[in-house]
Amino acid sequence: MGHDLPLHEVLRRIAQALDTMDELPRAVFERHRYRDLDYHQIAAELGITVREVERHLAAAMLHIMRCTEEDGGL
């Protein structure tokens with residue numbers, strides 16, 4: 001994440017990243033990060049495989065990283 005960006009800008013970009021994220025990666029991300037569910041719990045709750053949870057979480061993290069890059073993200 002951009003070390004030279006003010007905190008308010010980083011937070012704005014994270015919020016924008018979440019708003020523009022596809023539904024399933026966001027659902028996986030929120031369950032993992034905000035509800036502290038493990039991959040098996042997320043898979044059971046969403047009716048997907050653990051492998052899909054891993055893939056969607058990786059996609060969510062990549063999306064957030066791209067959106068918060070110092071060069072402008074979105």
Side-chain angles (χ1 to χ4, degrees):
M1 219 176 298
H3 297 290
D4 295 332
L5 292 174
L7 180 58
H8 72 276
E9 177 62 16
V10 173
L11 294 174
R12 184 193 68 75
R13 289 181 185 199
I14 291 171
Q16 185 176 16
L18 290 171
D19 287 345
T20 60
M21 191 178 294
D22 289 338
E23 185 177 339
L24 198 49
R26 182 176 176 155
V28 170
F29 177 83
E30 289 178 342
R31 282 164 175 78
H32 184 63
R33 295 294 180 182
Y34 301 143
R35 293 178 48 199
D36 201 29
L37 298 180
D38 66 33
Y39 290 7
H40 293 286
Q41 292 169 315
I42 296 168
E45 198 169 289
L46 295 177
I48 61 178
T49 66
V50 170
R51 179 68 186 117
E52 288 173 299
V53 170
E54 293 170 347
R55 191 172 64 243
H56 288 300
L57 185 57
M61 297 301 293
L62 183 60
H63 181 73
I64 291 170
M65 287 174 47
R66 286 181 176 156
C67 290
T68 57
E69 289 177 349
E70 193 168 351
D71 65 359
L74 289 175

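Basis for what follows: all heavy atoms, side chains included, without hydrogens, waters or symmetry-related copies.
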How many angstroms lie between CD1 in I64 and CE in M21, if you round to the nearest 0.5 Å?
4.0 Å
What is the minimum heavy-atom distance between A60 and P25, and which atoms define it?
CB-O, 3.7 Å
With a 4.5 Å cut-off on side-chain heavy atoms, are H63 and D22 touching?
no
Inspect the contact between R12 and E9 and indicate whether a charged nitrogen and a carboxylate oxygen are less than 4.0 angstrom apart.
yes
In short, H32 meets L57 closest at the heavy-atom pair CD2-CD2, 3.6 Å
Quick one: are F29 and H56 in side-chain contact, heavy atoms under 4.5 Å?
no
Residues that D38 engages under side-chain contact (heavy atoms from CB on, under 4.5 Å), provided they are two or more places apart
H40, Q41
I'd like a table of donor-acceptor pairs (distance under 3.5 Å, sequence neighbours excluded) in which one partner is a side-chain atom from residues 45-54, with atom names and distances.
from	atom 1	to	atom 2	distance (Å)
E45	OE1	R35	NH2	3.0
E45	OE2	R31	NE	2.6
E45	OE2	R31	NH2	3.4
E45	OE2	R35	NH1	2.8
E45	OE2	R35	NH2	3.4
T49	OG1	E52	N	3.0
T49	OG1	E52	OE1	3.2
R51	NH1	E54	OE1	3.4
E52	OE1	T49	N	2.8

Do R13 and L5 touch side chain to side chain, with heavy atoms closer than 4.5 Å?
yes
For D36, look at atom CG and say whether over 12 heavy atoms of other residues, nucleotides or ligands are found less than 6.0 Å away.
no
If Ile, Leu, Val, Met, Phe, Trp and Tyr residues are connected whenever their side-chain heavy atoms lie under 4.5 Å apart, and connections chain through other members, are L11 and Y34 in the same group?
no
